[in-house]
Amino acid sequence: MRKLALGLMGAAALAFGSNANASVVTITPGTGTGAPTGISGFNDFLTQLNGLGLTSITTTGATITLDENSILTFEFLGSESGFSDNITAGSVNFTENSWFTAWTSVLLGSDLFTAGSLAGLINFSSVGGANATVGDDGFGIFLTDQQLAGYTGNVFYIGYDDQITNVDDNHDDMIIRVTVSPAVPEPATWAMMLLGFGAAGFVLRRRRRPVLAQAA
């Protein structure tokens, strides 16, 4: 029985772990003027982006699609802009007012998003500049050399350009990292977890059962 209990506990851990990595996002690069191209040399965070393996950017016509209901977590990484720029995504709402904010990592928050396209759900706006969402010129998605034909994973990087026709066209007015995680464990995972926890409780109860002294 102890071996069975341990087996169920292990299966529960395995099921939970596999489910934790289940949610993914699929990025399809744009075409034409929005096709992947090298990150501008005017981008103030080019060194940091390259350090993450990000060498290219796609803009117009690009898509970001969630494969299932997922929680998206947003981190602010840096900004170079003469305007007051903002990102909104569900309950996440952040405004950067500084002319320049060096590379950093600031947790902005998380929210639940339904499966499907994220166009119109992650939005950049600016006081003095142009608004942008997924698929617009001003909304950049940074890519590695291996992601130029498309990408499926659970982390992606986006950049905002609040003046897309300006000479300073480099998508560094706000740079954000987005991490994708499961909304809730799947029903099968919950069942396996409950079995595992129940088995663990059974083993503990057996170990703690008192031994009564036999009468002489």
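Remember, predicted model here, so these are calculated numbers, not experimental data.
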Checking T114 against N69 for the side chain to side chain donor-acceptor pair (under 3.5 Å) test, could you report, in this order, the C-alpha distance in whole Å, the side-chain angles of both residues, the deciding distance, and whether it holds?
CA-CA 4 Å; T114 57; N69 296 349; 5.0 Å; no

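- Looking at heavy atoms from C-beta onward, L66 lies in side-chain contact with L118 at the 4.5 angstrom threshold.
- Separating the OG atom in S56 from the CD atom in Q147 is a distance of 9.5 Å, to the nearest 0.5 Å.
- D173 places a side-chain N or O within 3.5 Å of a backbone atom of D162 that can act as its donor or acceptor partner.
- No side-chain donor-acceptor contact under 3.5 Å links T104 to the backbone of L77.
- Note: the hydrophobic cluster containing L121 also contains V178 (ILVMFWY, side chain heavy atoms under 4.5 Å, direct or indirect links).
- When hydrophobic clusters are built by joining Ile, Leu, Val, Met, Phe, Trp and Tyr residues whose side-chain heavy atoms come closer than 4.5 Å, directly or via intermediates, I27 is not grouped with V155.
- One distance of note links CD1 of I122 with CD1 of I158; it measures 5.0 Å at 0.5 Å rounding.
- Remark: side-chain polar atoms of T58 are paired, donor with acceptor, to backbone N or O of G34 under 3.5 angstrom.
- Residues S181 and S23 form no side-chain contact, since every pair of their non-hydrogen atoms from C-beta on lies 4.5 Å or further apart.
- Checked against the 6.0 Å centroid threshold, Y160 and F124 count as a close aromatic pair.
- Under the 4.5 Å side-chain heavy-atom criterion for Ile, Leu, Val, Met, Phe, Trp and Tyr, I141 and L72 are members of the same hydrophobic cluster.
- Aromatic ring centres of F100 and F45 lie closer together than 6.0 Å.
- Side chain of N154 to main chain of T179: no donor-acceptor pair is present (N/O by atom type, distance under 3.5 Å, no hydrogens or angles).
- The CD1 atom of I57 lies 4.0 Å from the CZ atom of F142; values are rounded to the nearest 0.5 Å.
- With hydrogens and angles disregarded, no donor-acceptor distance shorter than 3.5 Å links the side chain of D85 to the backbone of S126.
- Separation of the F76 and F94 ring centroids falls under the 6.0 Å cut-off.
- Residues M174 and Y157 do not share a hydrophobic cluster, defined by chaining ILVMFWY side chains whose heavy atoms lie under 4.5 Å apart.
- The closest side-chain heavy-atom distance from R177 to S105 is below 4.5 Å.
- Hydrophobic clustering (ILVMFWY, side-chain heavy atoms < 4.5 Å, transitive): F113 and F139 are in one cluster.
- Taken from OG1 in T28 to OH in Y151, the straight-line distance is 13.0 Å, to the nearest 0.5 Å.
- Put simply, CG on L49 and CG on L143 are 11.0 Å apart, with the number rounded to the nearest 0.5 Å.
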Would T55 and T144 count as a side-chain contact (heavy atoms from CB on, under 4.5 Å) if you check the C-alpha gap in whole Å, the side-chain angles of each, and the deciding distance to 0.1 Å?
CA-CA 5 Å; T55 57; T144 68; 5.6 Å; no

Let me see the working for S84 and T95 under side-chain contact (heavy atoms from CB on, under 4.5 Å), right down to the final yes or no.
CA-CA 7 Å; S84 176; T95 300; 3.3 Å; yes

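- The closest donor-acceptor contact from the side chain of D161 to the backbone of H171 lies under 3.5 Å.
- Panel note: side chain D111, backbone S91; a donor-acceptor pair is recorded below 3.5 Å.
- Results of the side chain to side chain donor-acceptor pair (under 3.5 Å) test with N123 over N131, N86, T133, D136 single out T133 as the only residue that passes.
- Listed for the E96 side chain is a donor-acceptor partner under 3.5 Å among the backbone atoms of S98.
- Under 3.5 Å, the side chains of N93 and T88 contain no donor-acceptor pair of N or O atoms.
- Side-chain N/O atoms of S79 and T101 include no donor and acceptor closer than 3.5 Å.
- Of the inter-residue distances, the one linking L112 atom CG with I71 atom CD1 reads 6.0 Å to the nearest 0.5 angstrom.
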